Number of protein chains: 2
Amino acid sequence: MKPETGTQHGSSRRRLLNAAKDLLWRQGYEKTSPQDVLTLSGVGKGSLYHHFPGKLDLARAALEEVSAELTEKSLSLLSGDDPPLERLRRWLMTPRDGLMGCRIGRLANESAVFEAALHDPIADYFRALEQRVTAVIAEAVETGHLPDSLPPVETARALMSVVQGGYILSRVHQDPTLCTNACRGAMAMLEALAGSRSAP
Amino acid sequence: MKPETGTQHGSSRRRLLNAAKDLLWRQGYEKTSPQDVLTLSGVGKGSLYHHFPGKLDLARAALEEVSAELTEKSLSLLSGDDPPLERLRRWLMTPRDGLMGCRIGRLANESAVFEAALHDPIADYFRALEQRVTAVIAEAVETGHLPDSLPPVETARALMSVVQGGYILSRVHQDPTLCTNACRGAMAMLEALAGSRSAP
DNA sequence: GTCTATACGGAGATAGAC
DNA sequence: GTCTATCTCCGTATAGAC
């Protein structure tokens, strides 16, 4: 295991990355200044520009780590020997901090993301997640757990959107339960679809 | 009709508001500088601070207009004499510019929104929309167009989240069709639920 | 009401000592 | 490698002339 996990321990490079990951989550890219990262990490300005060419490169390195972590966690939730609907529920209903937002999706509206180097780690996460969710839905359809009128890819995108949009509802109303609530609504739809499957 | 609609026409106050509405949509609040607004509107700095105490107040006034416009448009799409599912479809599948994002929801992740004066117009829109979508879903359930295992509020929040999250998918992959795609997925779920209703 | 000129702080980065 | 001092530019706002 790596002992260099906290914001205040490990090499300067590691502390910068950990601080950047934290601040990118809490404030986003544009709102996070190099000074913020230095203050949180307890590192001097010289170290930052020694290890990274600039703010953008630090953010990219941080986001690559976040993307990998999130991908592993999400795919893990969607894996297992249990029925596909159960796996979907485990992913959809996993506890989320609605007020913080998705560590990756949170950045979607920043210009830097739209144009520059931050795009890749962000898109990678969404791509990997979409593939897996689509596969699980397809499996549910094939095994008769969901009606075959459901298009797997579109349905997967709808479910991913529920999660991302749920964060937005939580932020807008400053109510951490709304994200979970939206996911529960989507889960209710899936269950109703599963229930209806065995009728005819 | 009001002739003062464009960015380059009307009084200075109106031009400032129109420019601010445009830039808040395209860049968000934090990224938009007073100078940006002045350049786009063709107005001088003095006029801005004559009509508004500062950037925040200008943004709030602009967002109040956007919120009202969006509320009227959305509620209108959800109104009519046709069946509730048809109204839901009209709202869900209305054309959207995925790359631009929701003019209101786009701001959810900005700190200023979380803490300050911009909160009210944003929350107002989401509140009004949620009420209406919930009502239409409840009507669909009561009239037998959707199964009564669907909780109307949670389902409404899920559908609103699909729209908001769809914008995020579009932004992340820089593909304007993904937002529509996610909405289509949600619509497919609703239709499958409606279809299953008449079976037993 | 509208403009230009000016002020001040902080963002982002560099220089160079240690 | 890490630090402090320094630099430049821009975001935000004020002052005061017209």
Side-chain angles (χ1 to χ4, degrees), chain A residues 3-4 6-63 107 109-113 115-118, chain B residues 3-4 6-63 107 109-113 115-118:
Chain A
E4 307 161 347
T7 294
Q8 295 289 351
H9 302 292
S11 68
S12 285
R13 189 172 201 282
R14 180 99 306 276
R15 289 195 291 178
L16 288 167
L17 281 170
N18 289 342
K21 287 160 75 174
D22 189 21
L23 290 166
L24 285 173
W25 190 11
R26 302 203 330 237
Q27 326 189 50
Y29 175 75
E30 281 152 7
K31 176 91 179 176
T32 297
S33 70
Q35 187 54 53
D36 291 338
V37 180
L38 299 179
T39 302
L40 180 61
S41 64
V43 165
K45 191 158 285 195
S47 296
L48 198 171
Y49 290 96
H50 170 74
H51 290 291
F52 302 95
K55 172 185 171 180
L56 185 62
D57 308 87
L58 168 59
R60 182 187 169 98
L63 276 187
L107 302 165
N109 281 316
E110 311 224 16
S111 322
V113 169
E115 300 165 6
L118 302 185
Chain B
E4 306 162 347
T7 292
Q8 297 288 354
H9 302 291
S11 68
S12 286
R13 190 171 200 282
R14 179 100 306 275
R15 289 195 292 177
L16 288 166
L17 281 170
N18 288 343
K21 287 160 75 174
D22 189 21
L23 290 167
L24 284 173
W25 190 12
R26 303 207 322 243
Q27 328 189 46
Y29 174 74
E30 281 151 6
K31 177 92 179 174
T32 298
S33 71
Q35 187 54 53
D36 290 339
V37 180
L38 299 179
T39 302
L40 180 60
S41 64
V43 165
K45 192 157 285 193
S47 295
L48 198 171
Y49 291 97
H50 170 74
H51 290 290
F52 302 95
K55 172 185 171 180
L56 186 62
D57 307 87
L58 168 59
R60 182 187 169 97
L63 277 187
L107 302 164
N109 281 315
E110 311 224 17
S111 321
V113 169
E115 301 163 5
L118 302 185

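These figures come from a predicted structure and were not determined experimentally. Quick note: numbers below take in every heavy atom, side chains included, and nothing from hydrogens, waters or symmetry partners.
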Contacts under 3.5 angstrom, residues 20-29 of chain B side chains, donor-acceptor by atom type, not counting sequence neighbours:
unit_1	atom_1	unit_2	atom_2	d
B/Lys21	NZ	B/Glu65	OE1	2.9
B/Lys21	NZ	B/Glu69	OE2	2.7
B/Asp22	OD2	B/Arg26	NH1	2.8
B/Trp25	NE1	B/Gly101	O	2.8

Between [X] and [N], is there a side-chain N or O to OP1/OP2 distance below 4.0 Å?
{"X": "A/Lys55", "N": "C/dG12", "value": "yes"}
{"X": "A/Ser47", "N": "D/dG1", "value": "no"}
{"X": "B/Ser12", "N": "C/dT2", "value": "yes"}
{"X": "B/Tyr49", "N": "D/dT14", "value": "no"}

- Report yes if some heavy atom in the side chain of B/Asn109 is under 4.5 Å from a heavy atom in the side chain of A/Leu107; otherwise report no. no
[X] [atom1] to [N] [atom2], straight-line distance once rounded to whole Å:
{"X": "B/His50", "N": "D/dA13", "atom1": "NE2", "atom2": "P", "answer": "17 Å"}
{"X": "B/Leu58", "N": "D/dA13", "atom1": "CG", "atom2": "C1'", "answer": "14 Å"}
{"X": "A/Leu48", "N": "C/dA15", "atom1": "CG", "atom2": "C1'", "answer": "16 Å"}

Value for CG (A/Leu16) from CG (A/Leu38), rounded to nearest 0.5 Å, stands at 6.5 Å
- request: Decide yes or no on side-chain contact (heavy atoms from CB on, under 4.5 Å) for B/Lys45 and B/Gln35, but give the supporting numbers first.
  value: CA-CA 8 Å; B/Lys45 192 157 285 193; B/Gln35 187 54 53; 3.7 Å; yes
Looking only at D/dT4, C/dG1, D/dT12, the nucleotide nearest the B/His51 side chain is C/dG1
